[in-house]
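Here the structure is a predicted model, which is why all the values come from computation and not from measurement. All chains are named by letter (A, B, ...) in the order of the sequence lines, taking the proteins before the strands, and each is independently numbered beginning at 1.
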Number of protein chains: 2
Amino acid sequence: MPVEPDPVLPLLWRHVVPQEAEAPRRGPRQRLTLDRIVDDAIALADEEGLAAVSMRVLARRLGIGAMTLYTYVDNRSDLVVLMVDQVVGRRDLPPMPGTLRERLRLVADVQLADCREHAWLLDVTGVRPWLGPHVGDRYEWQLSAVEGVGLDDVEMDQTVTLVVGFAANVARSEHAVRAAEKESGVSDLEWWEANAGPLGEFTAHRDYPLAGRVGQAAGEAYQAGTDPARELSFGLERILDGIEAYVSSR
Amino acid sequence: MPVEPDPVLPLLWRHVVPQEAEAPRRGPRQRLTLDRIVDDAIALADEEGLAAVSMRVLARRLGIGAMTLYTYVDNRSDLVVLMVDQVVGRRDLPPMPGTLRERLRLVADVQLADCREHAWLLDVTGVRPWLGPHVGDRYEWQLSAVEGVGLDDVEMDQTVTLVVGFAANVARSEHAVRAAEKESGVSDLEWWEANAGPLGEFTAHRDYPLAGRVGQAAGEAYQAGTDPARELSFGLERILDGIEAYVSSR
DNA sequence: CATTTGTTCCGTACGCCGTACGAGATTGTG
DNA sequence: CACAATCTCGTACGGCGTACGGAACAAATG
């Protein structure tokens, strides 16, 4: 059985390929644009999380019937794909600075900023990469940071993946705390105040010499929250050291 | 309003603290053990994914009524917390080898293996870390890899986070492909065969000099799938280079 | 012994979810 | 004008988590 082309692709690339959208179609005009719908879906996800973007809630927000959404989009997961590409396309990508180190730092900063502003991006799974034009633009821009430094093609991809993945992990750990607070309705600090006692009784039955000491230090450092960039910097600098060493060794 | 202690904690630590579980309780004995329930939930998640672990389906698998599950667990998210700690506790942790590099490689390998065998771990979000005894054991073990090399406490945590997070990202990218295949019912290869044409028409309207070249090379390298460890090695070795350089510079 | 009390078990029901289906309204085409 | 295609959207189905209440049961109490 042959596989049909994915119907979400023409939607993703709708602004790149003007196509025959100009041909007048029968029936009433659509009252909304797909851009408007996806923008509202993004706003909703920013405010309430990806799970809150249900077809009914989004439709009500847009002032249309729930099923009307399905005349714009085949299903919910296609909508999420469109959201990702559209939100990635919003950021205009600064020109690459001079040194490799500065370039990769910029790549990480941009990724972290996007994931912080749209934490639901971290919840998007099961999407084939490299689908939409803006994601393509982003990948192209990221690769331009490591072009011409002596890496082969596969290594370029792996380097970008490494840096971008690390930035996403930083955002993910931040997001995990917020998500837990939101789900339970209890702030992180309140939770620890209420549970330090019971937890202490339990851990007393086991030995956690390192975890106890280090966990506390890391928790305080995080709680102090001096520089939000601080969490990023240690890991990122180690990664960049490793990449620079590799590049200059060739 | 004071916050109550989290009722999932006694469940998590039930095997560590024998507590008053021995006291005979009124009413009929519970027909199942919590361990059995969580084990079945883990098996179900391994087979069908975390989303397939619904209270009804799990209860049917266990041969009990759906609502009976709530006499063992307060709610579904508590069940997931128990699943995580229990599955993390299954692996027995090998002793740490001699060099820092070997140690961190082992930490990464173990993390990757767990995430590959139980890909649903990557879907677990909103869980406060450091909750259960086995997660604590794991963290203790991971920290022992970087103990005594000259890092301060916060740096030890960041180093472990860096390595573990990278291994998880490798598993995540593998999982993303499988998840997309499962959701759409179309294998990755089939999808690209069916969509290479349309996608080519779209990308022809835009310039992706690097992304086109590198994406193809990376895709082929992945498709060839020579050594599964290969994907891990490049990024991990760069990270370890960076960590070693930092450690020896102090 | 009988009664009370706290548990376990679980059927029913409510309000969510994604979405299949089909009826009516609206528009361009022959 | 009639026809055909398209948009809009109410209804409905099967899933989800889980609140609630009743029945069965076993230990504590009289």
> Would you say the base of C:dG18 and the side-chain of A:R56 have a donor-acceptor pair closer than 3.5 Å?
yes
> Run the salt-bridge test on A:D85 and A:R90 with the 4.0 Å N-O cut-off and return the result as yes or no.
no
> Could you tell me the separation between the CG atom of A:N75 and the C1' atom of C:dA20, rounded to a whole number of Å?
13 Å
> Would you please confirm or rule out a distance under 4.0 Å between OP1 or OP2 of D:dG17 and any side-chain N or O of B:R76?
yes
> Check the orientation of A:Y208 and B:W13. Use parallel for under 30°, tilted for 30 to 60°, and perpendicular for over 60°.
perpendicular
> Go through the side-chain N and O atoms of B:S77 and B:N75 and say whether any donor and acceptor fall under 3.5 Å apart.
yes
> B:R26 CZ to D:dA26 C1': how many Å, rounded?
9 Å
> Take atom CG of A:L32 and atom C1' of D:dC9, then tell me their distance rounded to the nearest Å.
14 Å
> From C:dT12, D:dT6, C:dT19, pick the nucleotide closest to the side chain of A:Y70?
C:dT19
> Ignoring the backbone of A:R31, work out which of D:dC9, C:dG11, C:dT5 is nearest its side chain.
D:dC9
> When only distance counts, do a donor and an acceptor, one from the side chain of B:R25 and one from the base of C:dG6, lie under 3.5 Å apart?
no
> Send over the distance from A:R60 CZ to D:dC9 P, rounded to a whole Å.
14 Å
> Side-chain N or O of A:R29 less than 4.0 angstrom from OP1 or OP2 on C:dG28?
yes
> What's the separation between atom CZ in B:R116 and atom CG in B:L122, rounded to the nearest 0.5 Å?
11.5 Å
> Would you indicate whether A:D35, at its atom CG, is surrounded by more than 12 heavy atoms from other residues, nucleotides or ligands within a distance under 6.0 Å?
yes
> Looking at B:Y72, I'd like to know whether one of its side-chain N or O atoms comes within less than 4.0 Å of OP1 or OP2 on C:dC9.
yes
> Nearest to the A:M55 side chain among D:dT8, C:dT27, C:dT19, which nucleotide is it?
C:dT19
> Any side-chain heavy atom of A:V38 within less than 4.5 Å of one from A:Y72?
no
> Which sits closer to the 5' end of DNA chain C, B:P28 or A:P28, going by the nucleotide each is nearest to?
B:P28
> For A:L69 and C:dC17, what is the distance between atoms CG and P respectively, to the nearest whole Å?
12 Å
> Base, sugar-phosphate alone, or nothing: which one does B:G27 contact when heavy atoms must sit under 4.0 Å apart?
base
> Whole angstrom is fine here: how far is it from CG in B:D74 over to P in D:dG17?
15 Å
> For DNA chain D, whose closest nucleotide is more 5', that of A:Q30 or that of B:A52?
A:Q30
> Whole angstrom is fine here: how far is it from CD1 in A:I64 over to C1' in D:dC7?
11 Å
> Considering every strand and a 4.0 Å limit on heavy-atom distances, what is the contact class for A:V57: base, sugar-phosphate, or nothing?
sugar-phosphate
> Please tell me if A:T71 has a side-chain N or O lying less than 4.0 Å from either OP1 or OP2 of D:dT8.
yes
> Calculate the interatomic distance between A:L58 atom CG and D:dC9 atom C1'; express it in whole Å.
15 Å
> Base, sugar-phosphate or nothing for B:S54? Non-hydrogen atoms, less than 4.0 Å.
sugar-phosphate
